[in-house]
Asker: 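Below is a structure I'd like to ask you about.
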Amino acid sequence: MIGKIIKLTGGYYYVLSDTVYETRARGLFRHQDLKPLVGDNVEFEVEENSLGYITKILERKNFLKRPPVANVDAVLILIAAKSPSPNTLLIDKVIAEYERENLEIIIGINKIDLDEEAGNKLYETYKKSGFKTFKISLKNSLGIEELQEYLLNKTIALSGVSAAGKSTLINKLIGGELKTGEISKKLNRGRHTTRHTEIFSGKNIYLFDTPGFSNYELTCPSEDLKNYFREFIKFGPCNFNNCNHIHEPKCIIREKVEEGKIDRQRYENYKNLYLELKEKEKNKYS
């Protein structure tokens, strides 16, 4: 039989075919260093009234490391304007990793009703940087219809820190009764409501709901990082082909930052990420 994995929890894969089957992965995948992902199209076997087994993973269109999902059209990064306060360094780190996957990246600025000034600043930052960006208030349903229309007939991976509003957004976009989290007043961050990865569908939209993250590790070489900030590509190249836009002379990117054509915070985040990768490489070979 052939189906699609729509949920993974506790080592069990739930595969949608003519109905939903509870399955396990065959041991052969461990020997191949291969793991089925939510979103995979698979071949599986099942006997009447017994647990099914996945026997083959069909060819993937793509797959993401985080969230660990396969066969997506785009990733929607949900950023809260407030509660929790946005960590733009973490956000830009995540964006850089998604840029490596050559995926369409959509930015949703949520909770605009809590801090309109901060929300508008985030909106302008990412719109200016070249991303399709939406202002959203899940409380007031602001921007939901516009976002719904844009996401029609797409399979979207939702990404963002805990309490950014991913589960609530799914409820708004496709309908449903997902349990939503609350903010820990002590920590000012969300409790991890979603503990597994699952596809939800409705109104011709398919969404991966995934656990929120509080940290992220870049895996690209430091010299490649500049290729994953799309505004650098727009205004480049510099006079030197190997310019990393840090301290090299006559750097066009630094000039554009001073002119206000490249967002300064995005550039500062780039520098910090570049130095973080450089330090990691130094420690690796020292």
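Only this structure's heavy atoms are used, side chains among them; waters, hydrogens and symmetry mates stay out.
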Asker: Please determine, by modelled atom types, if Thr125 and Gln265 share a side-chain donor-acceptor pair under 3.5 angstrom.
Answerer: no
Asker: Measure the shortest side-chain to side-chain distance between Arg100 and Thr219 over non-hydrogen atoms and say whether it is less than 4.5 angstrom.
Answerer: yes
Asker: Do Tyr53 and Glu43 pass the side-chain contact (heavy atoms from CB on, under 4.5 Å) test, and can you show the C-alpha distance, the side-chain angles, and the key distance before you say yes or no?
Answerer: CA-CA 9 Å; Tyr53 284 91; Glu43 291 182 3; over 6 Å; no
Asker: Indicate whether any N or O donor in one side chain lies under 3.5 Å from an N or O acceptor in the other, for Asn269 and Lys93.
Answerer: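 No, no side-chain donor-acceptor pair sits under 3.5 Å.
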Asker: Tell me, do Ile109 and Ile79 make a side-chain contact under 4.5 Å, heavy atoms counted?
Answerer: yes
Asker: Taking C-beta and beyond as the side chain, do Arg24 and Tyr12 meet within less than 4.5 Å on heavy atoms?
Answerer: yes
Asker: Does Lys4 use its side chain to pair, donor to acceptor, with the backbone of Asp40 at less than 3.5 Å?
Answerer: no
Asker: Do Leu122 and Thr133 make a side-chain contact, defined as non-hydrogen atoms from C-beta onward lying under 4.5 Å apart?
Answerer: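 Side chain of Leu122 against side chain of Thr133, heavy atoms only: no contact under 4.5 Å found.
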Asker: In chain order, what residues pass the ring-ring contact (aromatic ring centres under 6.0 Å, His included) check against Phe229, with sequence neighbours excluded?
Answerer: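 Expected list: Phe232, Tyr270.
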Asker: For residues Lys61 and Asp73, determine if any side-chain heavy atom of one lies less than 4.5 Å from a side-chain heavy atom of the other.
Answerer: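 Yes, side chains in contact.
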Asker: For the side chain of Glu116 and the backbone of Asp113, is there at least one donor-acceptor N/O pair under 3.5 Å apart?
Answerer: no
Asker: Please determine if Glu231 and Lys256 form a salt bridge, counting it only when a charged side-chain N lies under 4.0 Å from a carboxylate O.
Answerer: no
Asker: When you compare the side chain of Phe208 with that of Leu64, does any pair of heavy atoms fall below 4.5 Å?
Answerer: no
Asker: So, using side-chain contact (heavy atoms from CB on, under 4.5 Å) as the criterion, who are the partners of Gln148 when residues are at least two apart?
Answerer: Ile144, Glu145, Leu173, Lys203, Ile205
Asker: Write out all pairs satisfying ring-ring contact (aromatic ring centres under 6.0 Å, His included) with one or both partners inside residues 106-148, taking only residues at least two apart or from two chains.
Answerer: Phe134-Tyr150
Asker: Between Glu124 and Lys135, does any side-chain N to carboxylate O distance fall below 4.0 Å?
Answerer: no
